[in-house]
Amino acid sequence: MTDTLTGTAGSVPGYPMTRDAGCPFHPPATVRQLTAEAPVSKVRIWDGSLPWLVTRHADQRTLLTDPRISIDENLPGFPHMTRGRAEVAKVTPPLITNTDAPEHTRLRRMVNVPFTVKKVEALRPAIQQITDDLIDTMLAGPKPADLVTALGLPVPTLVISELMGVPYEDNEFFHHNSSVALSHGSSARQAQEASTALVGYLDGLIERKMTAPADDMLSELAARIKAGEMTRAEAATMGVAVLIAGHETSASMIPLGTLALLQHPDQLAVLRDTDDPKVVAAAVEELLRYLTIVHTGVRRIAREDIEIGGQVIRAGDGIIFDLSAANWDAEMFPEPERLDLGRSARLHQAFGYGPHQCLGQSLARVELQVVYSTLYRRVPTLRLAAPIDEIEFAFEGIAYSLRSLPVTW
Ligand code: HEM
C-alpha cells in the first residue's frame, strides 16, 4: 500500500479527485484504489481539513444508518462541500437536509406524499406526453440538436414545476441560481446571493398559495404554515431544496445516460428493442449505478466514536461517503466497469442510503424509464454529432453533467 493511501498527514489525497482523462464516467482511479486497499481513510478537502472517506458499499450501509452520525451542518468539523455551502448553512433553518431524527422524520413527512410510488406512477402518462412532445419538437427542428436543452433539462423541469406549482416560465431564473448556489466555482458571496434569491422567490410563491391554493406541493406547504406546523422560512427553504434536487439531477442523467448508451450500442439496443417495463426498470438501475452522478460524496459528522473498517472515527470527525466508489465496489458489483443493463443493480447507492435517501427517487426512476424507453425507439438512428473527445463534462456541481450533447439522426 502506498503512503498516499494511508492517511499520513501531508500525503493524503485531495477530495473530490479529478477523473481520469478519457473515461470521465469512471470514478477516479485513486478512489477505486482506496476501496480495495484503504476503504476508511482520510482525505483533504478545500478548507484543509481531513475528514474520513468511506468507499465500500457494505461500510457505507452500516454507517449511513448508524444513529451516531449526524447531518447537522453547523456542528464544528462538518465536512462542507464548498466555502459557499458552509456560509449558507449558517443561515439555513431546520430542513430535511440538515436535521437528524426525530426532527428530520417530522419535516420529511411534510413533503413526502407527492413522491410516493403511487403518486408518481399516476404522473407517468403526463411524463410520457411531455417526453413525446419534446421529441416531436426536436425532430421538427434543425440538426444537430442539443439533447441537454431539447430533452434533458425540460423533462424534469416541467415535471417538478407542475408538481410543486412553480411557474415553468421562470426556469431560466431558478436553473441559473441553483447552479450558482451549488457550484464549486462560486464564491461564498455568489452562493449566498443565489440562495437568498431562490428562498425569496419560493417565499413569494408560497405567499400567493396561502390566498389562492391549488393542487400542488407549495399549496400543501402554505396550508402547513397556516396550521402552525412550520414557519415560512422553513417552507421556502424546503421548496428550494426540492426544486433544486428535482430538476438538476434527472437533467444530468438523461444526456449522460444517452452518451453512455451511444458508446455501448449493444446495450442501447436492449432498450430500443424492448417493451418490457421490467427490462427498462433494470436498465435504469444499472445506468444509475454506472454513472453515479452525485460525485462529490454525501457528507456527515460523527457524534460519538465509531469503529469501522479497522479505524476509529472520533466524535467530531467529518465523514464523506463516496457513492461512486460503493457503486463500483467489485465485492458488490462484479466487473463494475462493464455497463450491463441485464445485471441486478437495484442495491446501488446512487440515491444514497439510510434516512436521508433520496426523497425523489421514485420520480427520478419514472422520468428516466419514460425517457430512455421512448427516445431510442422513436429515434433509432440517434448518434453523436461531435467527436466524443469534444463532449464537455461539467464537474463543478453536486451532480456531474454534460454542458451539451450534440446529436443527429
Ligand atoms: C437521478 C436523479 C437523482 C439522484 C441521483 C439523486 C441523488 C440523491 C442523493 C445521493 C441523496 C442523498 C443525500 C444525502 O444522503 O445526504 C438525495 C437526497 C435528496 N433528493 Fe435526490 N436524487 C435524484 C433525484 C431527485 C429528485 C427528482 C428529487 C425531487 C423531488 C430529489 C430530491 C431529493 C431530496 C429532497 C433529498 C434530501 C432527502 C433528505 O435529506 O431526507 N432528488 N438525492
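Both counts, for ligands and for their atoms, begin at 1 and track the order of listing.
Polar contact with ligand 1: present for H104 (N/O pair, distance under 3.5 Å). An N or O contact shorter than 3.5 Å is missing between Q361 and ligand 1 by distance.
Within the 3.5 Å criterion, the main-chain N or O of V280 finds no donor-acceptor partner in the side chain of Q369.
Heavy-atom proximity to V298, at under 4.0 Å, picks out these atoms of ligand 1: 13 (C), 14 (C), 15 (O), 16 (O).
Using bins of under 30°, 30° to 60° and over 60° for the plane-to-plane angle, the ring pair W328/H26 lands in the tilted bin.
Protein heavy atom nearest atom 36 (C) of ligand 1, with residue, atom name and distance: L359 N, 4.0 Å. For atom 40 (O) of ligand 1, the nearest protein heavy atom (residue, atom name, distance) is H356 ND1, 2.8 Å. Looking at atom 37 (C) of ligand 1, its nearest protein heavy atom turns out to be T97 CG2, 3.7 Å. Protein heavy atom in closest approach to atom 24 (C) of ligand 1: T249 OG1, 3.0 Å. The protein atom (non-hydrogen) at minimum distance from atom 11 (C) of ligand 1 is F351 O, 3.7 Å. For atom 29 (C) of ligand 1, the nearest non-hydrogen atom of the protein is G246 CA, 3.4 Å.
Remark: among candidates R365, M164, R300, the nearest residue to atom 14 (C) of ligand 1 is R300, based on non-hydrogen atoms. For the residues C358, G354, P355, P114, the heavy atom positioned nearest atom 20 (N) of ligand 1 is part of C358. For atom 33 (C) of ligand 1, the candidate residues are A350, G257, A245, A241; the nearest heavy-atom contact is made by A245. Counting heavy atoms only, R108 comes closest to atom 39 (C) of ligand 1 of the residues R108, E367, H348.
Within the structure, every pair that satisfies the ring-ring contact (aromatic ring centres under 6.0 Å, His included) test and touches residues 104-135, not counting sequence neighbours, is listed here: H104-H356.
Annotation: W46 is not in aromatic contact with Y15 [ring centroid separation under 6.0 Å not met]. Checked against a 6.0 Å centroid threshold, the rings of H247 and F174 count as neighbours.
Cation-pi geometry between R61 and F321 is not satisfied (NZ or CZ under 6.0 Å from the ring centre, within 45° of the ring normal). Judged by a 6.0 Å distance limit and a 45° cone about the ring axis, R272 is not positioned over the six-membered ring of Y376.
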